[in-house]
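Below: one structure, written as structure tokens.
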Amino acid sequence: MVTSTAIQLEPTGTPREEVESVVVRFAGDSGDGMQLTGSQFTLATALAGNDLATFPDFPAEIRAPIGTTFGVSAFQINFGARKIATAGDAPDVLVAMNPAALKVNLVDVKAGGTVIIDTGTFSDRNLKKAGFGSNPLEDGSLDGYQVVTIDISKLTMEAVKAYGLSNKEALRSKNMWTLGLIYWLYDRDRETTTNWLRGKFAKRPDIADANIAALDAGHIYGETAELPGGMHGYSVLQAEITPGLYRTITGAEALAWGLAAGAKLANLRMVLASYPITPASTLLHILAGMKQFDIVTFQAEDEIAAVCAAIGASFAGSLGVTSSSGPGIALKGEAIGLAIGVELPLIVVNSQRAGPSTGLPTKTEQSDLYQAVFGRNADAPLVVLAASSSANCFDIGIEAVRLATKYMTPVMVLSDGYMGNASEPWLIPDFDSYAPFPVAFADHEQIGAEGYLPYVRDEKTLARPWARPGTPGLQHRIGGIERADGSGNISYDAENHQRMTNLRAAKINGIANDIPLQGVEQGNESGKLAVVGWGSTYGPISRAVGNMRDLDHDVSHIHLRHIWPLPRNLGDLLAGFDQVLVPEMNNGQLVTLLRAQYLVAAEPLNKVNGQPFKIVEIEAAIQSRLDREFGEAK
Amino acid sequence: MVTSTAIQLEPTGTPREEVESVVVRFAGDSGDGMQLTGSQFTLATALAGNDLATFPDFPAEIRAPIGTTFGVSAFQINFGARKIATAGDAPDVLVAMNPAALKVNLVDVKAGGTVIIDTGTFSDRNLKKAGFGSNPLEDGSLDGYQVVTIDISKLTMEAVKAYGLSNKEALRSKNMWTLGLIYWLYDRDRETTTNWLRGKFAKRPDIADANIAALDAGHIYGETAELPGGMHGYSVLQAEITPGLYRTITGAEALAWGLAAGAKLANLRMVLASYPITPASTLLHILAGMKQFDIVTFQAEDEIAAVCAAIGASFAGSLGVTSSSGPGIALKGEAIGLAIGVELPLIVVNSQRAGPSTGLPTKTEQSDLYQAVFGRNADAPLVVLAASSSANCFDIGIEAVRLATKYMTPVMVLSDGYMGNASEPWLIPDFDSYAPFPVAFADHEQIGAEGYLPYVRDEKTLARPWARPGTPGLQHRIGGIERADGSGNISYDAENHQRMTNLRAAKINGIANDIPLQGVEQGNESGKLAVVGWGSTYGPISRAVGNMRDLDHDVSHIHLRHIWPLPRNLGDLLAGFDQVLVPEMNNGQLVTLLRAQYLVAAEPLNKVNGQPFKIVEIEAAIQSRLDREFGEAK
Amino acid sequence: MNAPAKPSALLAKDFASDQEVRWCPGCGDYAILKGVQKTLADIGTAPENVVFVSGIGCSSRFPYYMSTYGFHTIHGRAPAFATGIKLANPQLDVWLVTGDGDGLSIGGNHLLHVLRRNVNMQILLFNNEIYGLTKGQYSPTSKQGLRSPSTPMGSLDRPLSPALFALGANATFVARAVDTQQKHMPGVLLRAHAHQGASFVEIYTNCIVYNDGAFASFAEKNTAAEGELVLEQGAPMIFGKDRDKGIRLKRDTLSLEVVQLGVNGITEDDLLRHDETNRVLAGLLAEMRNPDFPVAVGVLYCKAAPAYDTAVHEQIAAARSAKGAADINKLLRGGATWTVGD
Amino acid sequence: MNAPAKPSALLAKDFASDQEVRWCPGCGDYAILKGVQKTLADIGTAPENVVFVSGIGCSSRFPYYMSTYGFHTIHGRAPAFATGIKLANPQLDVWLVTGDGDGLSIGGNHLLHVLRRNVNMQILLFNNEIYGLTKGQYSPTSKQGLRSPSTPMGSLDRPLSPALFALGANATFVARAVDTQQKHMPGVLLRAHAHQGASFVEIYTNCIVYNDGAFASFAEKNTAAEGELVLEQGAPMIFGKDRDKGIRLKRDTLSLEVVQLGVNGITEDDLLRHDETNRVLAGLLAEMRNPDFPVAVGVLYCKAAPAYDTAVHEQIAAARSAKGAADINKLLRGGATWTVGD
Ligand SMILES: Cc1ncc(C[n+]2csc(CCOP(=O)(O)OP(=O)(O)O)c2C)c(N)n1
Ligand SMILES: Cc1ncc(C[n+]2csc(CCOP(=O)(O)OP(=O)(O)O)c2C)c(N)n1
Ligand code: SF4
Ligand code: SF4
Ligand SMILES: [Mg+2]
Ligand SMILES: [Mg+2]
């Protein structure tokens with residue numbers, strides 16, 4: 001919501017309107033560099049002291065034919081002088097680099113919003129490719145918007161003429177021209193982008209220069225040209241942000257670093273075994289570049305081999321990690337069951353995407369909770385964690401390592417495509433402030449009268465000891481057939497199976513005592529309505545609850561990061577609310593778990609169109625629940 | 001419970017005691033032919049007009065060293081003059097062919113029960129192999145039992161001396177000698193066994209003769225010898241049984257035949273693609289021998305290939321079926337998601353076994369309900385059916401075919417190792433009385449203005465049409481990426497995904513209108529306690545509820561055969577009971593589903609020691625729930 | 001099954017669906033699509049009798065672009081789906097499209113088994129030596145040392161040779177074609193189609209985005225003559241711009257060498273003649289790699305063997321004639337039964 | 001890692017665990033167990049440095065019977081577990097035990113990839129041409145026509161040759177041994193152990209219950225001499241009770257023939273000499289089958305190549321020396337940062 005609050009004077013004397021927050025979407029062809037533009041703008045905005053959130057939206061095709069709607073790539077950013085929770089429901093400003101980008105994105109723009117259009121691309125051919133029957137610049141389609149038409153293509157060509165690039169190369173700077181204009185619009189500093197361009201094109205200084213010239217030209221255009229549509233500059237004040245050192249971080253980065261940090265705290269080598277799949281591959285790519293952290297990455301022949309190699313690595317005394325997305329996780333189910341049976345640490349990262357089956361690989365969804373909690377043969381409990389934001393992935397990564405190694409158990413970490421790709425500002429923690437939890441491998445002291453017993457448990461955690469092959473005297477054999485309590489030898493004994501089944505369940509349930517009590521993110525600890533979320537719905541729920549609370553509604557936000565076991569106070573907490581609403585980007589999964597566990601009449605709010613919730617959608621749902629309650633009270 | 005009711009006179013003048021029901025367990029080394037003995041006794045008992053139920057208990061090893069406890073094979077039969085629900089909690093009579101068999105099985109025998117022992121095998125060596133420190137025949141271990149010691153080995157050798165067999169071959173008739181004795185004990189006719197022996201050893205008439213001689217000798221021994229322990233003959237009156245033609249049938253047979261029958265009713269070729277795994281392989285073996293029914297069986301390279309081949313067969317217009325056990329089903333999850341997405345018929349049979357992971361392959365469990373209902377990535381609903389007994393597998397097989405083809409959906413059929421192997425008498429139905437449900441494949445009439453649209457749905461069932469490749473004009477392309485409503489072409493459209501997700505869920509939910517209302521097996525439609533079961537717990541629950549009702553307790557038995565969707569009246573039905581108890585051979589799975597669906601405070605009763613519930617266990621649980629309720633009422 | 005009237009004179013475009021082709025501009029897969037459509041027109045099969053089955057990958061989008069029946073399945077499993085289709089209906093003309101990742105990484109086992117079973121279908125493996133769809137990770141056929149997002153310091157895996165793998169799998173038909181060689185491809189595909197059993201065709205295709213030029217040393221206009229040996233049954237193995245080079249067998253070491261015709265008195269008669277029924281020879285040819293050798297294309301190996309799907313249905317027919325018409329009531333009443341009277 | 005003191009003079013029994021061996025009496029696996037225990041004693045490795053990894057099957061119970069570390073995993077996936085173990089700790093001496101079903105049916109793909117990657121381990125494939133544990137279904141190596149519970153009318157699949165498969169997978173070491181030949185086996189296993197990389201050893205083993213006598217034509221006392229060719233590097237290929245038969249190369253057809261020494265003037269010099277570095281020769285030898293040929297046992301192929309796990313850790317070492325000691329705080333502060341002041 002853009003709220004004008006004051007008028008400032010530009011250095012040049014032009015007035016700059018002060019706004020509290022803005023949503024800008026850059027949209028163009030896959031080849032137009034919209035993701036780069038977006039991330040540069042994100043950085044400049046962070047440096048300007050705003051809070052922010054982003055939503056990159058990639059096309060499904062690798063490189064669709066130029067100018068087609070299915071080749072449109074977009075990047076949305078919401079930034080402001082206050083806490084920003086989501087990438088924004090609807091853009092205040094849409095930058096459309098071609099007709100297809102306009103076609104796909106216009107519907108989302110807020111009524112009366114600004115649409116900046118590169119008219120240089122609005123040829124008949126491109127209009128047709130985008131599926132326009134007539135030219136939207138002329139047929140009234142844009143009525144109701146502030147339309148700013150600029151021939152950005154032409155202006156860019158002019159700006160970079162001096163550098164003797166080919167037409168094609170020259171046109172590639174269009175995005176920088178546009179970025180320059182938007183920098184002017186929101187009063188951002190160009191320096192980091194200039195430096196970044198110099199670094200990126202270190203081997204082609206002519207291209208670096210051309211891009212910088214385009215960036216400057218766009219900026220100057222804003223300063224000097226009389227802008228169409230009466231557009232003028234804005235300023236967005238700094239947000240109140242906890243002081244400290246910041247960076248932007250995507251969920252994939254945060255998770256990779258969190259896992260590396262966890263391995264360090266556990267004093268273990270990490271072996272990540274994975275098989276590429278969108279959107280999970282990024283984690284593999286990042287960790288593949290971190291070999292100096294004693295991280296082994298292994299691109300296996302498939303997901304089954306990946307999880308098995310990870311379990312093998314854990315058997316050998318390293319931290320085995322595997323990562324995939326829904327369909328790949330499905331393939332890992334059998335092997336995860338083995339890890340549960342042999343009780344070895346294992347981390348399984350699921351970057352969820354829309355399904356079922358191949359589904360919509362580039363679209364987000366959080367529909368793998370059932371699979372995480374229930375998706376294996378037999379009684380096979382494990383730990384399930386869900387990160388609530390890009391930055392939260394760091395701490396979730398560490399928590400996963402802590403629980404996996406302390407309890408000798410697989411831990412499933414749920415992330416999603418949205419969170420993985422979206423970046424947000426992150427107050428960089430001091431790693432030295434994290435308490436180490438080094439693994440104490442079994443040693444010769446564990447050798448008793450009957451030799452080493454790999455299934456004698458720690459009384460408190462119920463974890464079995466971890467003996468590293470290579471250690472003299474601790475030779476033992478484990479496997480997927482039921483193991484005798486104590487020795488771990490094959491046992492077909494009926495009562496042993498009952499006991500081991502109970503122990504496996506008790507071990508996982510007991511972890512509830514080693515995780516934080518469930519807190520309330522916003523609002524009271526009891527009341528009329530609790531909105532219970534998990535995962536990347538954090539942003540829209542927190543803003544929606546915040547907005548409704550600002551309107552004096554009695555609603556609280558509870559957000560789960562521990563999905564299994566659930567926090568031990570959760571049942572009591574939920575019992576304190578008249579109604580419980582569970583928004584999920586699936587057809588209702590956490591809600592099933594809560595109803596079954598606590599017999600609480602939790603209601604689902606589902607959305608499965610591959611897009612994150614809009615704040616208004618959750619606000620509306622809250623309103624309707626509160627209305628209903630009033631209705632009943634009458 | 002053996003209840004003496006009267007004394008009859010034997011033809012020879014010896015008194016025969018009349019009993020209402022008896023539990024006999026045959027136990028011996030794997031090589032002793034106990035399963036054959038058991039099935040012959042079963043047949044003779046059925047012919048004698050008793051009702052019966054059996055429980056074969058195989059050793060986990062293929063062929064363990066002779067005389068070891070882990071090589072013991074047992075077969076239990078419960079038969080009587082009344083309705084028999086289970087194989088019996090505790091044997092009245094144990095036949096122990098060697099020390100190991102005694103060692104393993106004695107604990108289960110009812111206090112005061114009869115133990116018949118082949119003393120010929122009680123050598124020091126065998127006692128040691130079985131892990132006896134001292135000779136149980138001498139050390140008082142058998143106090144409290146009626147012990148009948150006979151040197152069966154020696155008597156058998158003598159009986160078959162005439163046939164010139166090798167020692168080893170001769171000794172193989174021991175089981176027939178024993179069977180002869182037991183036939184005498186319960187007044188069974190030897191003729192079917194004699195005929196069967198003649199058929200089985202048609203090529204070795206000497207062996208047939210020897211076996212028959214042993215059988216007769218055992219029988220004569222009973223008639224003439226003064227039996228140790230004062231043992232005498234019993235008679236078990238005929239049960240009141242619905243008139244008609246009967247046979248014994250195992251769950252695996254019934255399911256194979258049910259699927260074949262279903263395919264016939266649907267007018268389809270069946271393609272079963274499977275990969276061997278205990279206890280599921282039997283279905284593959286049976287169907288592999290039924291090629292004359294136009295059944296193609298395919299032993300694939302693994303479970304994934306198996307399910308994929310089955311889906312391919314369905315795509316091509318046949319009925320694709322795949323079968324496995326827990327770990328194998330886990331591997332099929334990804335492909336099942338595809339079948340859900342492309343909406344093709346598919347039947348997935350899960351013969352459950354104890355887990356997790358490899359678990360206890362030869363032991364029974366019903367712990368794959370979570371996996372069946374929830375075990376896939378994304379929102380991926382399908383139909384889940386569970387057979388309640390060996391014979392019920394026939395109707396469940398037909399129902400699976402009906403639903404899969406009518407609704408173009410995968411159907412998961414849950415059976416288990418116990419049900420698959422156990423045989424029970426079956427009133428053979430007249431197949432002509434089953435209403436056919438032939439598949440109407442799409443034809444040229446479905447070609448509209450936009451061509452053939454594979455995702456235009458039937459308004460009532462929401463099923464899409466099924467077009468068989470080879471049909472001119474209906475060429476279409478489908479796949480795992482989200483399909484456009486109507487055309488089925490790839491669609492990345494957000495709202496289409498939402499719509500298709502809703503349609504997939506609605507189609508499956510709607511099936512609730514096409515399945516029978518949930519009935520009550522025994523007891524009232526509302527009351528103090530409902531015991532809700534599924535699968536092979538039918539027997540013990542029904543007998544336990546029956547017994548408790550005989551004692552005038554207010555308890556009802558509800559048994560689910562449709563697990564998903566649940567019968568549409570189930571919520572209301574359960575709401576009518578003060579308490580709901582859900583016995584399961586798992587750690588509590590159906591109970592989760594019921595609590596989540598209906599917010600009913602259902603309580604679990606779990607058993608996971610690889611053995612079916614005992615009747616007394618369920619009786620005790622019922623009692624404790626009823627006590628508690630009375631307690632509260634005070 | 002349906003016996004549709006054979007449409008007369010089909011054209012390549014009759015095999016194109018109405019779906020927009022969505023590969024990257026310049027992707028080699030376009031050329032293969034053209035080649036396949038032309039081949040089908042040449043064969044003259046009715047589109048409704050043809051099924052294209054694929055896994056997941058850029059290449060595996062293929063079925064959507066054909067006017068035939070099509071099934072875009074899941075990653076790596078297309079051979080199993082295709083087998084199921086043939087088991088259900090052996091009359092269908094099944095074409096399987098897979099990639100080097102789909103077919104040899106996750107799907108290696110299914111490919112192995114469909115080849116050894118000899119299920120009657122054509123298997124086209126689009127080898128671009130990269131994972132295209134997932135944005136450029138190395139594949140099992142990538143050259144060692146390839147830097148990719150998952151191997152920033154260079155890949156360490158020793159690559160598979162798809163043809164050698166197929167021969168090791170007991171395949172009965174192994175051939176190669178090249179995306180850019182539109183004249184050559186249909187001939188190879190026609191041969192694959194004519195073969196009864198699993199016909200394996202490796203097609204080199206250029207991923208212009210993630211592995212551009214992987215086959216530049218033999219697949220381009222100016223390199224083909226020197227970089228490639230076009231196999232023809234019975235013909236001496238000659239190649240080169242001036243057709244002046246040949247392949248000779250070094251008998252004692254069981255290996256091949258490149259020789260110059262006319263030099264040291266070497267004539268055509270000294271050269272190996274292609275014998276596509278010789279599996280050992282096929283193995284030697286499969287291993288020829290630039291720059292030391294030309295890359296062999298065409299039919300490397302072809303040997304008759306019964307097709308699996310046919311044999312399966314022969315067993316069914318035999319069982320039916322031996323055991324008589326299927327009768328469920330008879331089935332239920334087989335074995336020991338007894339009657340309980342009223 | 002631990003560097004344990006080398007125990008002196010280990011005996012075979014030092015490698016036996018306390019677990020009762022539970023194969024069927026008479027199963028060929030017992031002999032292999034003995035052979036492996038003897039080999040390990042001969043090698044003299046400390047038991048704590050050895051890991052046995054297996055899948056599922058009768059054969060895969062192997063690890064329980066060894067006094068080393070052991071991991072009985074899941075069906076078909078042992079190569080992946082073993083790879084993970086080596087990636088975590090390349091110092092461990094890893095032995096993989098699998099069956100013809102475990103390794104070539106469900107696990108074919110993992111075997112393929114561990115071989116082509118050349119991960120340093122010994123792979124023992126117990127080939128009994130049957131699924132033992134699941135009670136006798138045919139396997140991918142079963143002879144065509146085998147009647148089994150799943151193929152009552154005879155199996156139709158064309159069998160795989162494990163050795164040929166391994167060669168097609170680019171394996172660097174391929175050998176064969178026989179359960180009954182206790183003298184021969186340890187030598188082969190020692191060679192496998194000495195080889196850096198994935199050493200593939202097919203061991204013929206008799207399933208006395210479900211496939212008794214499958215190898216009777218060469219694996220029994222009275223058939224071995226005539227039915228088997230024992231390979232030795234550099235030695236002429238002679239076999240027969242009277243050592244009077246040999247293998248000769250038919251040069252023009254690239255095939256082998258059995259010849260009689262002394263007949264038609266044939267001498268040892270006419271015979272092939274074994275060259276285990278020649279993959280083409282190995283392929284020819286792998287295909288020799290009774291009754292026309294003797295079955296080749298011993299080391300068919302051995303060629304040096306870098307081990308994958310070693311190379312992986314070299315990259316890690318290189319990265320560490322290039323990028324300096326790992327520092328999480330530095331990592332988090334890399335790239336663009338900014339400070340928000342109080
Ligand atoms: C189970 C599963 N794992 C992984 C993926 C991701 N994935 C899709 S295509 C592909 C590899 C494609 O490579 P290739 O077969 O060579 O095809 P290309 O794109 O190069 O034509 C991968 C890893 C998936 N879709 N499903
Ligand atoms: C996922 C899975 N599928 C199937 C099985 C059943 N299974 C166990 S062992 C086996 C085959 C064993 O054959 P092989 O590897 O040749 O070993 P053998 O018993 O002959 O030594 C099968 C099919 C299983 N345990 N797990
Ligand atoms: S990524 Fe490569 S293989 Fe995929 S469509 Fe683009 S060019 Fe073709
Ligand atoms: S079934 Fe066969 S392979 Fe298995 S233990 Fe018995 S003899 Fe050995
Ligand atoms: Mg590829
Ligand atoms: Mg085997």
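Since this is a predicted model, take the numbers as computed values, not measurements.
- If you measure heavy-atom distances from A273(B) to chain C, you find no contacts under 4.5 Å at all.
- Side chain to side chain, E424(B) and S390(B) fail the donor-acceptor criterion of an N or O pair below 3.5 Å.
- In this structure, the portion of V342(B) lying under 4.5 Å from any heavy atom of chain C is its side chain and not its backbone.
- The contact between Q19(C) and chain B is made entirely by side chain atoms (from C-beta outward), counting heavy-atom distances below 4.5 Å.
- By number of non-hydrogen pairs under 4.5 angstrom with chain C, the leading residue of S487(B), S314(B), P429(B), G451(B) is P429(B).
- For I478(B), the parts lying near chain C are the backbone and the side chain together; criterion is any non-hydrogen pair under 4.5 Å.
- Looking at L319(B), neither its backbone nor its side chain comes within 4.5 Å of chain C, counting heavy atoms on both sides.
- Within the 4.5 angstrom heavy-atom criterion, atoms from both the backbone and the side chain of R333(C) approach chain B.
- Taking chain B as the reference chain and counting heavy-atom pairs below 4.5 Å, the highest number among V114(C), D93(C), L332(C) is found for L332(C).
- Contacts of L344(B) with chain C are made by side-chain atoms alone, with heavy-atom separations under 4.5 Å and no backbone atom involved.
- Both the backbone and the side chain of I241(B) come within less than 4.5 Å of a heavy atom in chain C.
- For the side-chain contact (heavy atoms from CB on, under 4.5 Å) criterion with L115(C), the lone passing option out of L167(C), I123(C), N170(C) is I123(C).
- At a 4.5 Å heavy-atom cutoff, the contact between D327(C) and chain B is made by backbone atoms alone.
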**Asked** Under the side chain to side chain donor-acceptor pair (under 3.5 Å) criterion, do S67(C) and Q475(B) qualify, and how do the steps go?
**Response** CA-CA 7 Å; S67(C) 69; Q475(B) 293 99 292; 5.2 Å; no
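- Only the backbone of T68(C) comes within contact range of chain B, with at least one heavy atom under 4.5 Å from a heavy atom of that chain.
- Looking at W426(B), the atoms closer than 4.5 Å to chain C (heavy atoms on both sides) all sit in the side chain, from C-beta outward.
- In this structure, chain C has no heavy atom under 4.5 Å from any part of A310(B).
- In this structure the side chain of S423(B) reaches within 4.5 angstrom of the side chain of T250(B), judged on heavy atoms.
- Residue contact with chain C, scored on non-hydrogen atoms closer than 4.5 Å, is absent for N195(B).
- At a 4.5 Å heavy-atom cutoff, M270(B) makes no contact with chain C through either its backbone or its side chain.
- With 3.5 Å as the limit, one finds no donor-acceptor pair spanning the side chains of K332(B) and S324(B).
- Using a 4.5 Å cut-off between heavy atoms, V271(B) contacts chain C through its side chain alone, with no backbone atom that close.
- Note on I85(C), T339(C), L92(C), V50(C): by heavy-atom pairs under 4.5 Å with chain B, the leading option is I85(C).
- None of W23(C), F126(C), F62(C) except one satisfies the ring pair (Phe, Tyr, Trp, His ring centres under 6.0 Å) rule with Y30(C); the exception is W23(C).
- A distance of 6.0 Å or more separates the ring centres of F81(C) and F315(B).
- No hydrogens or angles considered: a donor-acceptor pair under 3.5 Å links the side chains of T205(C) and D29(C).
- The two residues I56(C) and H75(C) have their closest heavy-atom pair at O-ND1, 3.2 Å.
- When only modelled atom types and interatomic distance are considered, Y452(B) and T471(B) share no side-chain donor-acceptor pair under 3.5 Å.
- Side-chain contact between S54(C) and W95(C): absent, with no pair of heavy atoms (C-beta onward) separated by less than 4.5 Å.
- Annotation: maximal heavy-atom pairing with chain B below 4.5 Å, among G334(C), S17(C), S321(C), occurs at G334(C).
- Ring pair F52(C)/Y65(C): centre-to-centre distance not below 6.0 Å.
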